[in-house]
Amino acid sequence: MRQSKFFTKAVKELPKDETSFNAKELIRAGFVDKVAAGIYSFLPLGLKVHEKICQIVREEMDAIGGQEISMPTLIPKESWETTGRWKSFDVLFRLAGADKKEYGLGATHEEVITPLMKKFISSYKDLPAAPYQIKTKFRNELRAKAGLIRGREFSMKDMYSFHKDQKDLDDFYEVAIEAYFKIYKRLGLEKITYLTYASGGSFSKYSHEFQTLTEAGEDIIYICEKCRVAINKEIISEQKSCPKCGNKNLIEKKAVEVGNIFKLGNRFSKPFGLVYMDEKGEKQDVVMGCYGIGPSRLMGTIVEMNHDERGIVWPEEIAPFKVHFIEMKSKEAKVRQEAEKLYNDLTKKGVEVLYDDRENVSAGEKFAEADLIGCPYRLVISEKTLAENCVELKKRSDKELKMVKISEIKF
RNA sequence: CGGGGUGUGGCCUAGUUGGCUUAGGGCGUCUGGUUUGGGACCAGAAGAUCCUGGGUUCGAAUCCCAGCACCCCGACCA
């Protein structure tokens, strides 16, 4: 991608009013634009990062048997009334359509997935199943805050699993936990992310959250360092020790919830009449679980964890581009020629390169913007480097510069 | 939803004991020129419902009332 073709531009000044790092940095570097509190446009750079996060989530869900689908955002009132949530779900956006129809905007999709699966599940042979989607969700929060961390419109992957009995759900639930940790590992968050016991769904004693330690978080958790699990403050009065080892020396930390999974049991299969015939020919309730993770919130969290005074430092796997290639202006046509050649070569090899080919932009400005955008590698070509048939390589995360022969560049 | 803060060209802001403001500066933008290894410089130009509505006054960005928006704390977060 040529930077001269970008319609977005990084700005020098930080947005006033914003205090959270993710909002400040993402807006300043041109990843997102704020439309209203908790409502953002994703610009080319931001969309790329978001897509990469989605792709990681997608791969890990597919790996445990998930199948991607897409459900609607407009969900009829009648569906919500079946489970009683039209009245009780306080963050549901309710809106009126023409002809007296009413709708809730999708905040979560049990009310759609359950009747959907009813059309396909009739026998124990149809189980288990684990459809999921990655979709924009809407929640009418009283207070949006902290940039992408808590929005009124945000992206969420929601998977729903369907089982013949509790044991099958329990087994899959453990597999899902592992898959989640694989996601956090790929995002560079696994060392500071804890499986956290939180208040239960409607069926089980606890639900499980995945909490990433950060000052930008809004939850308080108590961690057991030995077992690498935690307890959410909301249940600390009933559970004062580590649920795994009984350790009472728990450490209080601030964290952001980056995932939440529930054992739903028959909370939703019951009202929708989702049943199957077992081996004996008897009708049984389908046992359900659900598994949420928010790519947009993850994106905000990752910025909170990965920035310095100059800007964002993206982990390699989700950086908008792997390499930020800066061409220094020169009177010699050779610099431009060699730069174009290298850009084309790298691109052909499949390396994602952001090529700063802008003219009349000072060197300082190019460097400052590269630091702001935060690609993992910075490559500079100039008269100086070409004199040695080299380019200069620098990692965003450290200070050392390295001269590398053009013929030996590898990513 | 309770409390606090903020609101001035696209962005950051000065001005806020009413008059010296035909609202000043910086960034960005446009034109011309000089520059090019850390947000470089010179000259010129365009660009403003001073959040909105009402009020007080000879006169309001500035005072009063009402509302809106954003940020923060808290509450809330199947």
What does C70(B) pair with, Watson-Crick or G-U, if both distances are under 3.5 Å? G5(B)

Nucleotide forming a Watson-Crick or wobble pair with U34(B), both distances under 3.5 Å: A40(B)

Pairwise P distance, U49(B) and G10(B) [rounded to whole Å]: 7 Å

Under 4.0 Å between any heavy atoms, over every strand shown, what does R378(A) touch: base, sugar-phosphate, or nothing? Just pick one. base

Using the P atom on both, measure G26(B) against A14(B) and round to a whole Å. 15 Å

Determine whether the aromatic ring centres of residues Y291(A) and F172(A) are separated by less than 6.0 angstrom. yes

From G37(B), A40(B), C11(B), pick the nucleotide closest to the side chain of S362(A)? A40(B)

Please determine, for the side chain of K12(A), which listed nucleotide (U36(B), C27(B), C12(B)) has the closest atom? C27(B)

Across the strands shown, which category fits L372(A) at heavy-atom distances under 4.0 angstrom: base, sugar-phosphate, nothing? base

May I ask which nucleotide in the shown strands pairs with U62(B), Watson-Crick or G-U wobble, both distances under 3.5 Å? none

Need the pair for U57(B). Rule: Watson-Crick or G-U wobble, both distances under 3.5 Å, any strand; none if unpaired. none

Looking at every strand, decide which applies to R143(A) at a 4.0 Å heavy-atom threshold: base, sugar-phosphate, or nothing. base

Spell out yes or no: do the side chain of D17(A) and the base of G7(B) have one donor N/O and one acceptor N/O closer than 3.5 Å? no

Under 4.0 angstrom, heavy atoms only, what part of the nucleic acid is R358(A) near: base, sugar-phosphate, or nothing? nothing

Do F325(A) and Y343(A) have ring centroids that are under 6.0 Å from one another? no

Do the side chains of E352(A) and K52(A) get close enough for a salt bridge, i.e. N-O under 4.0 angstrom? yes

Answer yes if the side chains of E59(A) and Q55(A) hold a donor-acceptor pair under 3.5 Å, and no otherwise. yes

When the P atoms of A60(B) and C1(B) are considered, how many whole Å apart are they? 35 Å

With sugar-phosphate meaning primed atoms plus P, OP1 and OP2, does E257(A) contact a base, only sugar-phosphate, or nothing at under 4.0 Å between heavy atoms? nothing

Testing C73(B), C77(B), G37(B) for proximity to the side chain of T385(A), the answer is G37(B)

Can you identify which nucleotide, out of U36(B), C70(B), C11(B), has its nearest atom closest to the A36(A) side chain? C70(B)

Closest-nucleotide 5' rank along RNA chain B - winner of T19(A) and F89(A): T19(A)

Taking for K331(A) and for P15(A) the nucleotide of RNA chain B with the nearest heavy atom, the one nearer the 5' end belongs to P15(A)

Need the pair for A14(B). Rule: Watson-Crick or G-U wobble, both distances under 3.5 Å, any strand; none if unpaired. none

A23(B) pairs with which nucleotide, Watson-Crick or G-U wobble, both distances below 3.5 Å? none

What interatomic distance, in whole Å, is found between C1' of G2(B) and the corresponding atom of A23(B)? 37 Å

Using the side-chain heavy atoms of L142(A), tell me which of these nucleotides is nearest: G37(B), A75(B), A78(B). A75(B)

When the P atoms of C70(B) and U29(B) are considered, how many whole Å apart are they? 29 Å

Show your reasoning for whether ring-ring contact (aromatic ring centres under 6.0 Å, His included) applies to Y377(A) and H324(A). CA-CA 6 Å; Y377(A) 296 95; H324(A) 202 146; over 10 Å; no

Side-chain atoms of N360(A) come closest, of G39(B), U36(B), G37(B), to U36(B)

How long is the gap from OH on Y355(A) to OG1 on T347(A), to the nearest 0.5 Å? 10.5 Å

Of the nucleotides G39(B), G37(B), C77(B), which has the atom closest to the E365(A) side chain? G39(B)

Between C51(B) and A45(B), how far apart are the P atoms? Round to whole Å, please. 27 Å

Look at all strands and tell whether K384(A) reaches a base, only sugar-phosphate, or nothing, counting heavy atoms closer than 4.0 Å. base

Nearest to the side chain of D90(A) - U13(B), G38(B), C76(B)? C76(B)

How far, in whole Å, is G18(B) from U62(B) if one measures between their C1' atoms? 6 Å

Could you tell me whether A146(A) contacts a base, only the sugar-phosphate backbone, or nothing, with contacts defined as non-hydrogen atoms closer than 4.0 Å? sugar-phosphate

Closer than 4.0 Å, any side-chain N/O of K16(A) to the OP1 or OP2 of U8(B)? yes

Check whether the side chains of D357(A) and Q3(A) place a donor and an acceptor atom closer than 3.5 Å, and report yes or no. no

Of the listed nucleotides (C70(B), A78(B), G37(B)), which one gets closest to any side-chain atom of V380(A)? G37(B)

Quick check on C71(B): is either OP1 or OP2 less than 4.0 Å from any side-chain nitrogen or oxygen of K34(A)? yes

Would you please confirm or rule out a distance under 4.0 Å between OP1 or OP2 of U29(B) and any side-chain N or O of K9(A)? yes

Using a cut-off of 4.0 Å on non-hydrogen atoms, how would the nucleic acid contact of L14(A) be classed: base, sugar-phosphate, or nothing? sugar-phosphate

U8(B) versus A69(B) - spacing of their C1' atoms, nearest Å: 15 Å

Quick one: does E13(A) reach the base of G28(B) with a side-chain donor-acceptor pair under 3.5 Å? no

Counter-base of A48(B), judged by Watson-Crick or G-U geometry with both distances under 3.5 Å: none

Are any of the side-chain heavy atoms of V353(A) and L379(A) separated by less than 4.5 Å? no

Considering every strand and a 4.0 Å limit on heavy-atom distances, what is the contact class for E218(A): base, sugar-phosphate, or nothing? nothing

